[in-house]
Number of protein chains: 2
Amino acid sequence: MNQETVGECLGEDHGHGAASLPLPSSEVCARTAAIFRALGDERRLSLLALLAHREMCVSELTERLKDNLPAISQRLKLLRAERIVVTRRQGKHVFYSLADNHVAQLIANGLAHGCESDGQ
Amino acid sequence: MNQETVGECLGEDHGHGAASLPLPSSEVCARTAAIFRALGDERRLSLLALLAHREMCVSELTERLKDNLPAISQRLKLLRAERIVVTRRQGKHVFYSLADNHVAQLIANGLAHGCESDGQ
DNA sequence: AAAACACTTGACGAAATCATCAAGTGTTCT
DNA sequence: AGAACACTTGATGATTTCGTCAAGTGTTTT
């Protein structure tokens with residue numbers, strides 16, 4: 001992403017009167033907050049950390065995370081509703097993967113920060 | 001024909017010899033999720049979008065967001081607890097700013113994604 | 001010292017979120 | 001067609017989170 005895009009999202013004032021600091025539209029804030037909220041759960045994040053490696057079906061995720069399948073499926077449902085993951089059916093299996101590399105980037109950055117600020 | 005699919009998905013021994021993919025430690029996941037959770041609220045995010053411009057005291061934030069002061073203060077308290085913002089007292093005023101560039105980057109990236117995926 | 005200003009905090013009810021489980025759907029195998 | 005597999009969904013109760021307001025703290029002004 002380039003700096004201009006970020007600036008527009010922050011609502012930077014490209015004009016010349018400096019008094020008001022514009023906010024992103026409330027739609028953008030709401031959408032962004034919804035994404036962050038979806039990422040803001042330890043178990044969903046573990047799920048996403050696995051999917052950051054490669055696509056996986058629900059059974060494999062269930063087994064790797066040692067949890068029960070409906071629980072995993074519910075979390076995936078929420079992530080799908082927020083368009084953070086996408087699905088692909090192949091035979092009996094449903095494969096999940098991260099929706100795009102922007103999402104992947106967001107998760108990677110978050111985890112990197114989580115690493116650094118851990119234990120402080 | 002279909003054995004192949006199952007084999008690729010779960011491995012032939014169905015989890016007793018599957019290669020382990022690295023997961024972040026649960027501490028890192030928990031810390032990261034806590035950060036995302038803190039960012040995952042529209043009003044807190046508006047607050048942070050303003051602080052992305054420059055540091056501000058509570059009164060100014062309150063005025064710009066047209067909300068009541070205790071409400072703003074409570075949100076800032078949560079953000080401070082997660083070390084997403086830091087404070088600096090100057091006379092009667094308490095100035096808030098983003099804790100570091102990494103946090104700023106995270107917010108900017110999130111908003112950029114929120115921009116792109118908005119309205120879809 | 002007292003008043004005024006700029007916040008911060010504690011507490012409590014309201015609202016949103018989450019895990020769990022039974023029941024349902026879609027696909028493949030026999 | 002029926003059974004088995006791989007999920008998905010709806011409902012419900014428990015937990016967590018949030019907004020609100022009264023009361024408290026720290027700083028400056030008078």
Working for side-chain contact (heavy atoms from CB on, under 4.5 Å), residues A/Met56 and A/Arg64: CA-CA 10 Å; A/Met56 290 183 199; A/Arg64 285 188 184 275; 4.1 Å; yes
Check against side-chain contact (heavy atoms from CB on, under 4.5 Å), A/Ile107 and A/Leu51: CA-CA 11 Å; A/Ile107 293 165; A/Leu51 293 178; over 6 Å; no
Quick check: does any side chain N or O of A/Ser73 sit under 3.5 Å from a backbone N or O of A/Leu69, one acting as donor and the other as acceptor? no
Tell me which pairs pass side-chain hydrogen bond (donor to acceptor under 3.5 Å, both in side chains) where either residue lies in residues 91-104 of chain B, with sequence neighbours left out. A/Glu116-B/His102
Residue list, side chain to side chain contact (heavy atoms under 4.5 Å, CB included) with A/Ala34, at least two apart or on another chain: A/Arg31, A/Arg37, A/Glu82
A/Pro70: side chain to side chain contact (heavy atoms under 4.5 Å, CB included) partners, not counting sequence neighbours: A/Asn68
Atom-pair distance (CZ on B/Arg80; C1' on C/dT9), nearest Å: 10 Å
Student check: side-chain heavy atoms of A/Val85 and A/Leu48 closer than 4.5 Å: yes
Taking only N/O atoms, report every protein-nucleotides 5-7 of chain C pair under 3.5 Å with atom names and distance.
{"residue": "C/dA6", "atom": "O3'", "partner": "B/Lys92", "partner atom": "O", "Å": "3.3"}
{"residue": "C/dC7", "atom": "OP1", "partner": "B/Val94", "partner atom": "N", "Å": "3.0"}
{"residue": "C/dC7", "atom": "OP2", "partner": "B/Ser59", "partner atom": "N", "Å": "3.0"}
{"residue": "C/dC7", "atom": "OP2", "partner": "B/Ser59", "partner atom": "OG", "Å": "2.1"}
{"residue": "C/dC7", "atom": "OP2", "partner": "B/His93", "partner atom": "ND1", "Å": "3.4"}

Measure the distance from CD1 on B/Ile72 to P on D/dC21 and round it to the nearest whole Å. 15 Å
Base-contact (B) and sugar-phosphate-only (S) positions in nucleotides 15-20 of chain C, heavy-atom cut-off under 4.0 Å, - elsewhere: --SSSB
Qualifying residues under side chain to side chain contact (heavy atoms under 4.5 Å, CB included), relative to B/Asp67, sequence neighbours excluded: B/Arg43, B/Ala71, B/Ile72, B/Arg75
